[in-house]
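Below is one structure, written out as structure tokens; the observations come after it.
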Amino acid sequence: MKPHAPRGTRDVLPPESEAWQRLMDVAREAFWLHGYREIVLPVMEHTELFIRGIGENTDIVSKEMFTFRDKGGRSLTLRPEATAGVVRAFIEHGLGEKGLPVKLYYCGPMFRHERPQAGRYRQFHQLGAEHLGSAHPLADLEIISLCFRILEKLGLRGLDLVVNSVGDRVCRPAYQDGLRSFLAGGADQLCDDCRRRMEASPLRVFDCKREECRETLRGAPRISEYLCPDCREHLRLLRDYLKAAGIDFRLEPELVRGLDYYTRTVFEFQVPGEGAQNALAAGGRYDELVASLGGKDTPAVGFSLGVERVVLRLDPVKKEKKGIYIVSKDGKPKLRALELLRESHHRGFPAEMDTLGRSLKAQMKAADRASRPLAVIIGEEELEGGFLTLRDMCSSAQERVTEEELWRRLEKASRPDGGKY
RNA sequence: GUGGGAGUAGCUCAGCCGGAAGAGCACCGGGUUGUGGCCCCGGAGGCCGCGGGUUCGAGUCCCGUCUCUCACCCCA
């Protein structure tokens with residue numbers, strides 16, 4: 001039987017891996033432009049961190065975590081998301097002591113024990129950023145626009161940005177009570193899941209897609225009616241900033257996120273018209289998380305982007321190859337070829353040659369497949385005459401040149417104005 | 001965790017009523033002992049996902065299981 005990657009995991013092969021690279025390049029550039037620096041975190045944390053951070057009643061914590069015990073009996077969990085880890089590191093290393101805000105980005109694998117589906121894996125990858133220390137909506141704007149720019153730069157246009165406020169510790173409890181008593185009126189119409197949610201986390205009833213539940217929700221109180229003046233003002237300013245930044249968005253009063261730590265702003269970038277896995281990136285504000293994990297009271301906001309989901313929608317990268325493929329006969333020509341290969345690399349020009357000891361014909365075939373624009377051919381004639389044979393793989397034109405002439409051509413081709421080699 | 005569809009060569013797939021495992025593409029070699037693509041010829045490559053059952057005989061029928069996939073749940 002052939003070996004198989006574990007359920008919900010996958011290999012990223014070329015050329016898909018090149019689309020990943022492009023995403024990473026674009027993201028790193030954007031982070032750098034905005035002054036975000038990278039934090040590399042462990043992929044496992046103490047289970048307690050996620051229970052306290054994400055919330056015991058969330059689906060992630062209650063049924064999707066890869067949890068195990070180490071040999072000392074401690075309970076560890078493969079991270080299902082990155083924010084809790086960032087906040088832990090922020091507290092552990094006193095990162096806020098050298099001045100605020102602290103702006104970090106991360107990238108790496110996350111783990112959730114779900115049933116796999118296209119665009120959803122048990123090991124998946126997220127890249128994201130956290131802006132710690134600011135309660136101002138300008139920070140929300142920076143995070144949203146950072147995410148927006150990355151998606152835009154990748155050529156993903158026409159995405160829907162949906163925004164909502166889920167309130168804060170002042171106004172959310174009142175809203176939850178209001179919603180709960182509203183739902184209690186039609187409780188017998190709700191599905192089992194929603195009846196459970198009603199108690200622990202009533203906002204998440206909005207996530208339900210069942211017709212009977214949606215029907216029951218008609219006329220439910222809206223969070224917007226309950227927002228306290230501060231939250232209301234925060235949302236109003238964010239809306240103004242987004243408009244000023246030229247970022248289109250839609251207020252979505254029913255947008256709720258699956259993590260308990262969000263306060264005020266939540267947002268999601270969605271692919272319109274698609275039902276499943278339509279969220280490419282999402283995030284929000286979490287003003288109480290740092291304090292609840294034992295740090296100083298520190299407001300924060302962040303986003304996270306699903307790498308697989310974005311890569312799924314990227315056009316294949318067609319990168320034009322440059323450089324040479326060296327074709328040579330056995331014996332002394334082979335040694336000359338090795339010398340040339342090394343010199344080419346030393347000068348920074350891509351170069352490949354055969355490693356299978358194959359015939360000249362087969363080497364030419366390999367040169368063709370390697371899609372290098374130039375083949376350099378070395379045999380006895382070339383050695384004796386002190387020249388190289390250059391074959392243009394596109395036109396099949398062939399000529400004799402000196403080594404210096406080869407480097408001159410490659411040099412010319414590597415200039416910004418370009419050249420075909 | 002629930003329900004539908006599908007697993008045959010590296011890839012895409014055909015395989016009838018149960019009766020000797022196939023095609024296209026890709027790969028390797030030759031046609032040309034110093035030349036790629038096109039063409040021609042040849043070759044290699046398969047526990048027919050895995051396990052069990054029915055049968056003289058199973059890729060084919062039945063059961064189980066694993067994986068992929070779609071829809072839920074939920075999420076990036």
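Quick caveat, the model's predicted, so the values are computed rather than measured. Throughout, protein chains are lettered first and strands after them, A, B, ... in sequence-line order, and every chain is numbered starting at 1.
- C72(B) and U12(B) are spaced 30 Å apart, taking the C1' atom of each and rounding to whole Å.
- Note: CD (Q117(A)) to P (G4(B)) measures 16 Å, nearest angstrom.
- Put simply, the side chain of R112(A) does not reach to within 4.5 Å of the side chain of D59(A), judged on heavy atoms.
- At G34(B), none of the side-chain N or O atoms of R400(A) fall inside 4.0 Å of OP1 or OP2 (strictly under the cut-off).
- Counting non-hydrogen atoms under 4.0 angstrom, R112(A) reaches a base of the nucleic acid.
- Note: NZ (K329(A)) to C1' (U32(B)) measures 13 Å, nearest angstrom.
- With hydrogens and angles left out, the side chain of R10(A) and the base of C68(B) share no donor-acceptor pair within 3.5 Å.
- Remark: the R391(A) side chain and the G36(B) base include a donor-acceptor N/O pair separated by less than 3.5 Å.
- Residue I377(A) is in base contact, counting any heavy-atom pair closer than 4.0 Å across all strands shown.
- Side-chain atoms of R7(A) and base atoms of U67(B) include no donor and acceptor less than 3.5 Å apart.
- When ring centroids are compared, Y286(A) and Y261(A) come within the 6.0 Å threshold.
- Between K361(A) and U35(B) there is no side-chain N or O to OP1 or OP2 distance below 4.0 Å.
- Among the atoms of the strands shown, base atoms are found under 4.0 Å from some heavy atom of E382(A).
- Atom CG of L360(A) is separated from atom C1' of G29(B) by 16 Å (rounded to the nearest Å).
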Quiz item: Starting at the 5' end of RNA chain B, what dot-bracket string do you get if Watson-Crick and G-U pairs under 3.5 Å are bracketed, crossing pairs use [ ], other-strand pairs use | and unpaired bases use dots?
Solution: (((((((..((((.....[..)))).(((((.......))))).....(((((..]....))))))))))))....
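- Taking atom P in both C63(B) and G7(B), one finds a spacing of 16 Å when rounded to whole Å.
- For the C1' atoms, the distance linking C11(B) with C68(B) amounts to 16 Å, nearest Å.
- Within the 4.0 angstrom heavy-atom criterion, no nucleotide atom of any strand lies near A367(A).
- Rounded to whole Å, the separation between the P atoms of U65(B) and A9(B) comes to 24 Å.
- Rounded to whole angstrom, the span from the NZ atom of K365(A) across to the C1' atom of C38(B) amounts to 12 Å.
- Looking at which nucleotide of RNA chain B each of G283(A) and P116(A) is closest to, the 5′-most match is held by P116(A).
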Quiz prompt | From CA spacing to verdict: side chain to side chain donor-acceptor pair (under 3.5 Å), T83(A), E130(A) | solution = CA-CA 8 Å; T83(A) 302; E130(A) 310 292 352; 2.8 Å; yes
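- Residue S396(A) places its side chain closer to G37(B) than to any other of G34(B), G37(B), G29(B).
- Within the 4.0 angstrom heavy-atom criterion, no nucleotide atom of any strand lies near R122(A).
- The residue Y325(A) sits apart from the nucleic acid: no heavy atom pair falls under 4.0 Å.
- In this structure, R115(A) does not reach the G3(B) phosphate: none of its side-chain N or O atoms is under 4.0 Å from OP1 or OP2.
- Within 4.0 Å (heavy atoms only), C147(A) reaches no atom of the nucleic acid at all.
- Nucleotides C40(B) and G49(B), compared at atom C1', are 38 Å apart to the nearest Å.
- Contact annotation: R120(A) side-chain N/O to C73(B) OP1/OP2 distance is not under 4.0 Å.
- For the C1' atoms, the distance from G31(B) to G22(B) is 27 Å, rounded to whole Å.
- At a cut-off of 3.5 Å, with distance as the only test, no side-chain donor of R358(A) or Q363(A) sits close to an acceptor on the other residue.
- The residue E81(A) sits apart from the nucleic acid: no heavy atom pair falls under 4.0 Å.
- The 5' end of RNA chain B is approached more closely, in terms of each residue's nearest nucleotide, by G8(A) than by the other of E308(A) and G8(A).
- Rounding to whole angstrom units, CG of residue D354(A) and P of G29(B) are separated by 10 Å.
- Contact annotation for A362(A): backbone-only contact, meaning every heavy-atom pair under 4.0 Å involves sugar-phosphate atoms and none involves a base.
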Quiz item: Could you go step by step and tell me if E38(A) and R28(A) meet the salt bridge (charged side-chain N to carboxylate O under 4.0 Å, His left out) rule?
Solution: CA-CA 9 Å; E38(A) 183 166 16; R28(A) 280 185 203 282; 3.0 Å; yes
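- Listed for the K332(A) side chain is no donor-acceptor partner under 3.5 Å among the backbone atoms of L383(A).
- Counting any heavy atom pair closer than 4.0 Å across all strands shown, G119(A) reaches a base atom.
- Taking 4.5 Å as the limit, some side-chain heavy atom of S344(A) sits within range of a side-chain heavy atom of W407(A).
- One interatomic measurement links the two molecules: CD1 of I378(A) to P of U35(B), which rounds to 16 Å at whole-angstrom precision.
- Rounded to the nearest Å, the gap between the C1' atom of A23(B) and that of G18(B) is 23 Å.
- For the pair L356(A) CG and G29(B) C1', the interatomic distance rounds to 14 Å; values are reported in whole Å.
- No side-chain donor from either of T263(A) and E288(A) sits under 3.5 Å from a side-chain acceptor of the other.
- D168(A) and H234(A) share no side-chain donor-acceptor pair at under 3.5 Å.
- Of the P atoms belonging to G19(B) and A58(B), the separation is 11 Å, rounded to the nearest Å.
- The side chain of Q398(A) contributes no N or O atom lying less than 4.0 Å from OP1 or OP2 of U35(B).
- As rounded to whole Å, 6 Å separates atom P of C75(B) from atom CG of D59(A).
- In summary, the side chains of T9(A) and Q123(A) do not present any donor paired with an acceptor at a separation below 3.5 Å, with no hydrogens or angles considered.
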